[in-house]
2 protein chains.
Amino acid sequence: MKPANLKTLALELNLSISTVSKALRDSYEISQETKKKVTDLAKELNYQPNPFASGLRKKSSKTIAVIIPEIANNFFTLAMDGIQVIAQEMGYHVLTYLTQETLSNEIASINHLRSGRVDGVLMSICSETSNNSHLEMLNDIGIPVVFFDRVCENLPFPKVTTDDYESAFKATQHLIDANCKRIAFFGGSRHLSIMNKRRNGYLNALEKNNIEADPNLMLDFNDNNEENLQIIGSLLSGKNPPDGIFSAIEKLAINTYEICYQLDINIPNEVKIISFSNLRTASFLGPPLTTITQPAFEIGHEAAAILFRLIEKKQMNDIPDKVVLKSTLIARKSTL
Amino acid sequence: MKPANLKTLALELNLSISTVSKALRDSYEISQETKKKVTDLAKELNYQPNPFASGLRKKSSKTIAVIIPEIANNFFTLAMDGIQVIAQEMGYHVLTYLTQETLSNEIASINHLRSGRVDGVLMSICSETSNNSHLEMLNDIGIPVVFFDRVCENLPFPKVTTDDYESAFKATQHLIDANCKRIAFFGGSRHLSIMNKRRNGYLNALEKNNIEADPNLMLDFNDNNEENLQIIGSLLSGKNPPDGIFSAIEKLAINTYEICYQLDINIPNEVKIISFSNLRTASFLGPPLTTITQPAFEIGHEAAAILFRLIEKKQMNDIPDKVVLKSTLIARKSTL
DNA sequence: CTGAAAGCGCTAACAG
DNA sequence: CTGTTAGCGCTTTCAG
């Protein structure tokens, strides 16, 4: 069935299209009486304004884009939830683009934004992103952008992150306090600033405790699960295995559990593990996993809140350049 | 910076707008030479067609809506991934609406569709949805719809589900085979057909084994986590507790683990558990959880594939009314 | 092969 | 207070 439009309403009520339009937007130019007639009929006919027509006219769409590496990931899922909650409140629609950790997809997604389809963008960059030329285009496009979690440091957009360096430092210190001597770092792409911060937190904690960093214990992983399992397997079954692991990525901690189950390595007796993670089941793993838990929902929520202020150009005075929401270390049996 | 449009290109090349438009759409009316000039310039200027203008004109938006109860849920996250993968392939944009298990949100989301903003809808209904009047509006709107997982049985839209009845039957039989005598069923809203199917599978498996169903062991849960924990707690600490639990909802299985940890109840010795679940960590729980795992990614992927055929009116002959993708029972220690 | 022109539904300036 | 009109950028007849 063809949806009702302004013309339908105008015809029915013997009014002009513009009067109907103004009435619906509650313009001061229109009499109460007319407004009532119009809104009543609109409700009756389930009138919904055509978003293309008004988008075309007003150059705004009440839509934002969320560009993230993946959705099957507890952190991004929770962040997404935080974004959606506030978007729904504000009456915005949310378009999602997954880059699948692939640069070409990220570029394609950004190119979509050029068309004016969305009023703003929330973004977490993919692990392949090293050079920023495509992100700089965001500047040219002149669209509000807020980065969250995996931010791009040298671009002039607000950033919402967690205290990656401090948390990583604490995590490492936690292992040291648990008497670990050979602590491994499981990280991801060196292109990501959050990974570098976590790595630095790790290194500085070692240094502060006069432990020499062993390059053999600092592993960078990519997105290939099979390969990652092998790397972890050879590390743990090789000579001089670590007695503590700080994983900067949830997936790698789960992989480590898998390997330990396979090789019958006892956690925490033979190796202790702490990981950045938003697993809801961390407490029920065998053994329960000590985590650095990021406030994922809040990060998404806050990033979206800033974006909406940017879009609606309200309170522009107090748009922060950076927001850092603290993560929480929750000690469980895997580091006991 | 203002994005390039057809006029920009036309002016630059001394061509008419319509020629440029046709050239970009590779019309047979346009010479190869002109096409090349146009596409080259378009690439150079990063031309992206204005989606509002073409949406307005063509009454199609290359956009679909996904309406789901929640995103912080392993099943829906994976389904979403399946949807996104094929949508991206097909060049479609994906709008997500979360109903948060609330009928009023579901109605609001459906009302958004009326405007022609999207070309099709993928939907999983919320647990509050009993009466279908708002879903019937989908019919009036005349937009392609495909239901997945939480389908609405009596509406004439394709449905993609898993074999809920059979899987529930198997799950219950699995507990019976493991020597459970008092098997509890943890379910959700009675409004959802999948819940009824799972409950029926449970009941029929009991019947087939000449076990009398005990109403005290059949629990319906809602979305209130605290309350659910209490209910499970009193069941397990009461007299005549179950020696087996079949949970139709992942979250309830996790809640059960929590209570068992609290009350120091040994799984599987005192109570065995099997649950519908897409937890990636099921194997690493203490103890590993026996699951009925739905092919969540595939369900999303298949539902989207059907939707796109519907939208593009291709292969309309073989649009299935129903697709059932099988779940897998993976036996682990929680039922050993 | 190319161009002119109408119109999708809405908004906003301007007239009345 | 209400109506007329132009035009957002694109597609699509229809003419040439």
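Labels below follow one simple rule: chain letters A, B, ... track the order of the sequence lines, proteins then strands, and each chain is numbered from 1. Keep in mind that the numbers below use all heavy atoms, side chains included, and drop hydrogens, waters and symmetry copies.
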> Think A:Ser16 has a side-chain N or O under 4.0 angstrom from the OP1 or OP2 of D:dG3?
Replying inline: yes

>> Using the rule given for side-chain contact (heavy atoms from CB on, under 4.5 Å), can you reason through B:Asp81 versus A:Gln100, listing the C-alpha separation, both sets of side-chain angles and the distance that settles it, and then say yes or no?
In response: CA-CA 10 Å; B:Asp81 204 8; A:Gln100 316 281 10; 4.0 Å; yes

> Going through the distances and angles, do B:Asn74 and B:Thr77 end up as a side chain to side chain donor-acceptor pair (under 3.5 Å)?
Replying inline: CA-CA 5 Å; B:Asn74 293 310; B:Thr77 293; 5.6 Å; no

> Of all heavy-atom pairs between A:Ser61 and A:Gly116, which one has the smallest distance, and what is that distance?
Replying inline: OG-O, 4.4 Å

> Once you round it to whole Å, what is the distance between P of D:dT2 and CG of A:Leu11?
Replying inline: 17 Å

> At under 4.0 Å, does any side-chain N or O of A:Tyr47 touch on OP1 or OP2 of C:dC10?
Replying inline: yes

> Just to confirm, is there a sub-4.0 Å distance from OP1 or OP2 of D:dC1 to any side-chain nitrogen or oxygen of A:Ser31?
Replying inline: no

> Between the base of D:dT4 and the side chain of A:Ser18, is there any donor-acceptor pair under 3.5 Å?
Replying inline: yes

>> Quick check on DNA chain C: between B:Leu15 and A:Ala53, whose nearest nucleotide comes earlier from the 5' end?
In response: B:Leu15

> To the nearest Å, how far apart are B:Ile17 CD1 and D:dG7 P?
Replying inline: 13 Å

>> The side chain of B:Ser54 is closest to which nucleotide in this list: C:dG9, D:dG3, D:dC10?
In response: D:dC10

> Between B:Asn14 (CG) and C:dG3 (P), how many Å, whole number?
Replying inline: 9 Å

>> Between P on D:dC8 and CG on B:Leu6, what's the gap in Å once rounded to a whole number?
In response: 13 Å

> Which of these passes side-chain contact (heavy atoms from CB on, under 4.5 Å) with B:Met123: B:Val151, B:Ile110, B:Leu307?
Replying inline: B:Ile110

> Under 4.0 angstrom, heavy atoms only, what part of the nucleic acid is B:Ser21 near: base, sugar-phosphate, or nothing?
Replying inline: base

> Considering only side-chain heavy atoms of B:Thr19, which listed nucleotide, C:dT2, D:dC10, D:dT2, is closest?
Replying inline: C:dT2

> If we only count heavy atoms from C-beta on, is the A:Phe157 to A:Asn139 side-chain gap below 4.5 Å?
Replying inline: yes

> For the pair made of CD in B:Gln32 and P in C:dT2, what is the distance, rounded to whole Å?
Replying inline: 11 Å

> For the pair made of CZ in A:Phe52 and C1' in D:dC10, what is the distance, rounded to whole Å?
Replying inline: 13 Å

> Does the side chain to side chain donor-acceptor pair (under 3.5 Å) test come out yes or no for A:Thr162 and A:Gln294, once each step is laid out?
Replying inline: CA-CA 7 Å; A:Thr162 188; A:Gln294 301 178 77; 5.1 Å; no

> Taking side chain as C-beta onward, heavy atoms only, is A:Leu24 less than 4.5 Å from A:Leu9?
Replying inline: yes

> Do B:Lys58 and A:Phe52 have side-chain heavy atoms sitting under 4.5 Å apart?
Replying inline: no

> Can you tell me how far P of C:dG7 sits from CG of A:Leu56, to the nearest Å?
Replying inline: 17 Å

> For the pair made of CG in B:Asp26 and C1' in C:dC1, what is the distance, rounded to whole Å?
Replying inline: 14 Å

>> Which is more 5' along DNA chain C, the nucleotide nearest B:Ile30 or the one nearest A:Lys7? Just name the residue.
In response: B:Ile30

Output one line per pair: protein atom, nucleotide atom from nucleotides 14-16 of chain C, and distance, for all N/O pairs under 3.5 Å.
none

>> Side chain of B:Arg25 only, heavy atoms from C-beta on: which candidate in D:dT2, D:dT12, C:dA12 is closest?
In response: D:dT12

